[in-house]
Amino acid sequence: MNVRLRIRHLDLDQTLGCGQTFRWSGAVPGTWSGPIGDCLVTLRREGQWLHSDSVPERRDLGRRVSTYLRTEDDIGRVHAELSKDPVMARGLGAVEGLRLVKMDEWECLISYVLATFANIPRITKMIGHLASRFGSPITDVMNSFPTIGQLGTASVGELRACGLGYRAEYVAGICRLVDDDRLAEMKRMPDDDLRAALLELPGVGNKVADCVSLFGFGRLGAFPIDVWVERALARLYGARGSYRALRDFAAERFGGNAGYAQEYLFYNERALSGSGGCVFTRPGGSSDRTP
DNA sequence: GCCCAGGAGTGTG
DNA sequence: CACACTCATGGG
């Protein structure tokens with residue numbers, strides 16, 4: 001079964017390769033493949049159409065893809081609102097196809113706890129190990145991300161064997177504190193309550209709580225501040241300070257679109273930093289990339 | 001071999 | 001609240 005969706009603003013390389021999600025592979029040019037729940041999805045862009053296949057076949061594939069890529073988000077409106085900011089206005093054209101994704105809440109929570117103090121290749125590897133050891137088979141070479149129940153059976157030693165290091169105890173702790181009911185409860189919470197609930201979990205601090213709020217629970221006002229975003233805020237806005245101060249700065253500046261703004265800043269600062277392809281610059285002309 | 005990683009937890013000033 | 005220190009491993 002081949003499902004096709006019409007979607008205007010979508011660059012698969014940017015969206016699935018920028019580092020907001022960890023299990024997608026774009027090894028075949030123009031084609032991206034990765035798990036959504038219990039099936040392995042292949043995406044291919046042809047003009048204005050996005051073609052989707054899955055193994056095994058799923059009747060709700062179109063809905064799954066649509067949800068995952070947040071096709072309901074009005075990117076045009078987001079850009080129109082963000083372009084009131086002079087810094088954003090200069091570079092939005094280069095990130096028109098960079099979309100936020102809507103990950104599974106549980107997968108997102110664990111993934112970003114693993115992401116602390118690790119680089120992306122290693123994060124990918126840790127998640128792959130967890131999936132192959134505790135997840136359910138989707139294909140010969142791909143397992144689903146472990147459910148709460150599946151991951152809950154793992155001992156700290158087994159988690160360490162998956163390369164988690166000290167994060168093993170965080171994951172084990174989270175498995176003891178979170179179940180499906182708690183997750184459902186968290187989905188219904190207002191943004192601030194959700195954030196507080198996430199912060200109660202071991203291994204979850206400010207940054208992870210905001211990542212999970214944004215990429216997992218779809219709270220588009222969340223603004224995760226990692227080293228790259230912190231760098232971008234300092235370079236482009238001259239904004240420095242505590243996490244709280246920078247978060248307030250972003251909330252005031254970007255409002256309900258802070259999540260998209262964060263992704264644009266992150267992408268610009270990290271993915272383009274080595275290539276000299278800076279798109280966002282300070283008003284006034286000079287790229288300010290030179291020291 | 002060496003340096004560092006999409007930080008968080010804990011203790012101290 | 002701001003800082004320093006530590007945390008277990010594997011990529012680059």
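Only this structure's heavy atoms are used, side chains among them; waters, hydrogens and symmetry mates stay out. Source: prediction; values computed, not measured.
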(request) Scan side-chain atoms only and decide if A/Asn268 and A/Trp228 contain a donor-acceptor pair under the 3.5 Å cut-off. (result) no
(request) Can you tell me the distance, in whole Å, between the NZ atom of A/Lys207 and the C1' atom of B/dA5? (result) 11 Å
(message) Just to be sure I understand the rule, does A/Glu230 reach a base, reach only the sugar-phosphate, or reach nothing, if contact means heavy atoms closer than 4.0 Å?
(response) nothing
(request) Report the residue (A/Cys18 or A/Leu201) whose heavy-atom-nearest nucleotide on DNA chain B is the more 5′ of the two. (result) A/Cys18
(message) Hydrogens and angles aside, do A/Thr71 and A/Ser66 bring a side-chain donor and acceptor to less than 3.5 Å of each other?
(response) yes
(request) Quick one: label A/Val113 by what it contacts on the DNA or RNA (base, sugar-phosphate, nothing), any heavy atom closer than 4.0 Å. (result) nothing
(message) I need the CD-P distance between A/Gln262 and B/dG6, as an integer number of Å.
(response) 14 Å
(message) Would you measure the distance from the C1' atom in C/dC7 across to the matching atom in B/dA5 and give it in whole Å?
(response) 13 Å
(message) Test your reading of the model: is there a side-chain donor-acceptor pair from A/Tyr267 to the backbone of A/Cys18, 3.5 Å cut-off?
(response) no
(message) Base contacts versus sugar-phosphate-only contacts with protein, heavy atoms under 4.0 Å: please encode nucleotides 5-12 of chain C as B, S and - from 5' to 3'.
(response) --BBBSSS
(message) Give the residues of residues 212-226 of chain A touching DNA chain B, defined as any heavy atom closer than 4.0 Å, sorted by residue number.
(response) A/Asp226
(message) Measure CG/A/Leu114 against P/B/dA5 and give the value in whole Å, please.
(response) 18 Å
(request) To the nearest Å, give me how far apart CG (A/Leu198) and C1' (B/dG9) are. (result) 17 Å
(request) May I ask you to say what A/Leu199 touches in the nucleic acid, namely base, sugar-phosphate or nothing, with a heavy-atom cut-off under 4.0 Å? (result) nothing
(request) Please indicate whether A/Arg182 has more than 12 foreign heavy atoms, meaning atoms of other residues, nucleotides or ligands, lying under 6.0 Å from its CZ. (result) yes
(request) Round to a whole Å and report the spacing from CG of A/Leu246 to P of B/dG6. (result) 19 Å
(message) Looking at A/Arg77, I want to see if its CZ is surrounded by more than 12 non-hydrogen atoms of other residues, nucleotides or ligands under 6.0 Å.
(response) yes
(request) Group every Ile, Leu, Val, Met, Phe, Trp and Tyr by side-chain heavy-atom contacts under 4.5 Å, then state whether A/Ile138 and A/Val65 land in the same group. (result) no
(request) Report yes if the side chains of A/Leu109 and A/Leu201 come closer than 4.5 Å at any heavy-atom pair, otherwise no. (result) yes
(message) Roughly how many Å apart are B/dG6 and C/dT6, using the P atom of each and rounding to a whole number?
(response) 22 Å
(request) Can you tell me the distance, in whole Å, between the CD1 atom of A/Ile123 and the P atom of B/dA8? (result) 12 Å
(message) Between C/dA8 and B/dG11, how many Å separate the two P atoms, rounded to a whole number?
(response) 15 Å
(message) Under a plain distance cut-off of 3.5 Å, with no hydrogens placed, do A/Thr116 and A/Tyr170 share a side-chain donor-acceptor pair?
(response) no
(message) With side chain to side chain contact (heavy atoms under 4.5 Å, CB included) as the criterion, how do A/Arg195 and A/Asp191 come out once you've worked through the C-alpha distance, each side chain's angles and the decisive distance to 0.1 Å?
(response) CA-CA 6 Å; A/Arg195 189 171 198 282; A/Asp191 295 357; over 6 Å; no
(request) Please step through salt bridge (Lys or Arg N to Asp or Glu O under 4.0 Å) for the pair A/Arg99 and A/Glu96, ending with a clear verdict. (result) CA-CA 8 Å; A/Arg99 306 187 72 94; A/Glu96 273 189 339; over 6 Å; no
(request) Could you tell me the separation between the CG atom of A/Asn206 and the C1' atom of B/dG9, rounded to a whole number of Å? (result) 13 Å
(message) Tell me whether A/Phe266 and B/dG6 count as stacked here, given that the ring centres must be under 5.5 Å apart and the planes must differ by less than 30 degrees.
(response) yes
